[in-house]
Amino acid sequence: MTAPDDPSTARDISGFKAEPILVPPMENSFVVGIATARVLGPEAAAAVWNELAVSGSSADLDRVLVEAIGSANSNYFHFELAALHEATGPRLLHHLDRGMLADAGLSREASTRKLTILLPLVAEVDTVLPVVEFPEVERSEQLAVGTALMFPSFLRAAAGAAAEFGAVLSFALGDAFR
């Protein structure tokens with residue numbers, strides 16, 4: 001896949017979307033900060049949620065995340081990744097509010113987190129899923145059931161509003177950022 005002529009425009013290719021973020025002061029057009037990929041339909045997403053709730057892991061979740069992360073990483077992020085999840089596995093979220101993503105990024109203890117993945121799996125019919133905001137780069141992304149939201153762990157993220165729904169939060173790992 002080749003880089004777009006205008007790096008400031010979003011790309012949407014076969015259900016995979018990436019929005020470049022021009023990072024001041026460098027204005028590096030190769031830094032892509034937000035990617036989404038539709039990875040599961042509603043029924044498959046609900047089945048993965050049920051499997052995670054019972055066993056704490058899901059081969060189907062791992063398979064779709066490996067594919068989505070592989071595509072995002074090879075085409076956009078270019079991180080050297082060593083693991084799909086932290087040792088504790090993916091976190092199950094039963095709701096999301098403004099403060100819940102505050103610890104999703106980097107810290108001294110979590111410096112090997114390269115890519116943050118948020119994947120909503122179940123929601124009531126009338127539930128409006130929140131928008132995830134990236135204040136440092138003035139971007140946002142609407143969450144959708146079955147669509148993985150992926151972004152570098154060095155970006156701070158916040159949920160735009162509280163909502164009750166089931167999601168998985170995971171971190172693809174690599175060597176520590178320096």
Side-chain angles (χ1 to χ4, degrees), residues 15-17 33-74 76-77 79-134 141-177:
F16 182 86
K17 183 177 123 191
I34 304 168
T36 61
R38 177 104 171 134
V39 295
L40 293 167
E43 291 172 2
V48 166
W49 175 257
N50 292 333
E51 186 178 3
L52 287 167
V54 171
S55 69
S57 65
S58 167
D60 287 337
L61 173 69
D62 290 353
R63 178 185 50 78
V64 298
L65 289 184
V66 163
E67 291 173 11
I69 291 168
S71 178
N73 196 47
S74 65
Y76 305 103
F77 296 119
F79 292 137
E80 292 183 21
L81 300 177
L84 179 59
H85 305 293
E86 291 180 305
T88 56
R91 292 188 212 172
L92 292 183
L93 304 178
H94 295 275
H95 68 282
L96 193 62
D97 61 36
R98 287 203 61 83
M100 288 192 71
L101 293 175
D103 71 339
L106 293 177
S107 66
R108 184 174 302 278
E109 299 77 31
S111 63
T112 59
R113 291 177 178 171
K114 296 291 189 179
L115 198 56
T116 300
I117 304 102
L118 181 61
L119 175 59
L121 294 171
V122 292
E124 294 295 324
V125 175
D126 295 336
T127 299
V128 176
L129 297 185
V131 170
V132 174
E133 299 167 349
F134 301 91
E141 190 67 42
Q142 176 69 51
L143 293 176
V145 169
T147 298
L149 172 62
M150 299 167 283
F151 55 93
S153 295
F154 56 76
L155 282 181
R156 286 189 305 144
E164 299 286 328
F165 64 101
V168 65
L169 177 67
S170 191
F171 306 97
L173 307 177
D175 290 337
F177 283 110

Minimum-distance pair of heavy atoms, taken over all atoms of Pro120 and Ala167: CA-CB, 3.7 Å
Hey, is the main chain of Val145 close enough, under 3.5 Å, to the side chain of Arg38 for a donor-acceptor pair? yes
Passes side-chain contact (heavy atoms from CB on, under 4.5 Å), Leu92 versus Trp49? Steps please. CA-CA 9 Å; Leu92 292 183; Trp49 175 257; 3.8 Å; yes
Glu51 vs Leu61 side-chain heavy atoms within contact, under 4.5 Å: no
To the nearest 0.5 Å, tell me how far Thr116 OG1 sits from Met150 CE. 11.5 Å
For the residue pair Glu141 and Val131, establish whether any side-chain heavy-atom pair is separated by less than 4.5 Å. no
Shortest non-hydrogen pair, Ala68 vs Val39, comes out as CB-CG1, 3.7 Å
Nearest non-hydrogen partners of His94 and Glu164, listed with the distance: O-OE1, 3.6 Å
Asp62/His85 under side-chain contact (heavy atoms from CB on, under 4.5 Å): CA gap, chis, key distance, verdict: CA-CA 9 Å; Asp62 290 353; His85 305 293; 2.8 Å; yes
Min side-chain heavy-atom separation Leu118-Leu93 under 4.5 Å: yes
Any heavy-atom pair between the side chains of Phe77 and Ile69 that's under 4.5 Å? no
Considering all heavy atoms of both residues, which atom of Val122 and which atom of Ala46 are nearest to each other, and what is their separation? CG1-CA, 3.6 Å
How far does CD1 of Ile117 sit from CZ of Phe151, to the nearest 0.5 angstrom? 9.0 Å
Just how far is it from atom CG of Leu129 to atom CG of Leu149, taken to the nearest 0.5 Å? 11.5 Å
To the nearest 0.5 angstrom, please state how far the CG atom of Leu121 sits from the CZ atom of Phe165. 9.5 Å
Distance, nearest 0.5 Å, that separates CG of Asn73 from CD of Glu80: 9.5 Å
Do side-chain atoms of Lys114 reach the backbone of Ser153 as a donor and acceptor pair under 3.5 angstrom? no
Once you round to the nearest 0.5 Å, how far does CG of Leu155 lie from CG of Leu115? 10.0 Å
